[in-house]
Amino acid sequence: TRLSNRLRVARAERDLSQDQLARAAAVSRQTISSIETGQYCPSTLLAFRLARVLSVRVDELFWLEGDA
């Protein structure tokens with residue numbers, strides 16, 4: 001099972017750079033990049049923070065793929 005995301009798409013839809021999103025969510029730009037590429041799985045708190053900044057639900061940003 002793998003955590004997938006549409007963070008890059010949601011960020012682009014709002015015309016935000018990785019740096020702008022990172023500052024709004026109080027993380028580094030590298031963290032945003034790592035989440036977008038699937039290298040890093042965000043904590044629940046960070047997932048909710050990103051969803052809030054992007055004005056979407058958490059399940060619109062992140063979902064499980066693969067075997068349950």
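Values below: every heavy atom of this structure, side chains too, minus hydrogens, waters and symmetry copies.
- Atom-to-atom distance recorded for Arg23:CZ and Ser17:OG is 6.5 Å, nearest 0.5 angstrom.
- Each of Trp63 and Leu54 belongs to its own hydrophobic cluster when Ile, Leu, Val, Met, Phe, Trp and Tyr are linked at side-chain heavy-atom distances under 4.5 angstrom.
- Arg57 contributes atom CZ, which lies 14.0 Å from atom CZ of Phe62 (distance to the nearest 0.5 angstrom).
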Please set out all donor-acceptor pairs under 3.5 angstrom arising from side-chain atoms of residues 30-37, sequence neighbours excluded.
from, atom 1, to, atom 2, distance (Å)
Thr31, OG1, Ser28, OG, 3.0
Ser34, OG, Gln30, O, 3.0
Glu36, OE1, Arg8, NE, 3.3
Glu36, OE1, Arg11, NH2, 3.2
Glu36, OE1, Gln18, NE2, 2.8
Glu36, OE2, Arg11, NE, 2.6
Glu36, OE2, Arg11, NH2, 3.2
Thr37, OG1, Ser33, O, 3.1
Thr37, OG1, Ser34, O, 3.3

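- The environment of Asp59 atom CG is dense: over 12 non-hydrogen atoms of other residues, nucleotides or ligands sit within 6.0 angstrom.
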Let me check something: any side-chain donor-acceptor pairs from residues 41-49 under 3.5 Å, sequence neighbours excluded? List them with distances.
from, atom 1, to, atom 2, distance (Å)
Ser43, OG, Leu46, N, 3.0
Arg49, NH1, Ala25, O, 2.7

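- Closest of all the heavy-atom pairs between Ala10 and Arg14 is O-NH1, 2.8 Å.
- Residues Leu7 and Leu61 are in side-chain contact: their nearest non-hydrogen atoms beyond the backbone lie under 4.5 Å apart.
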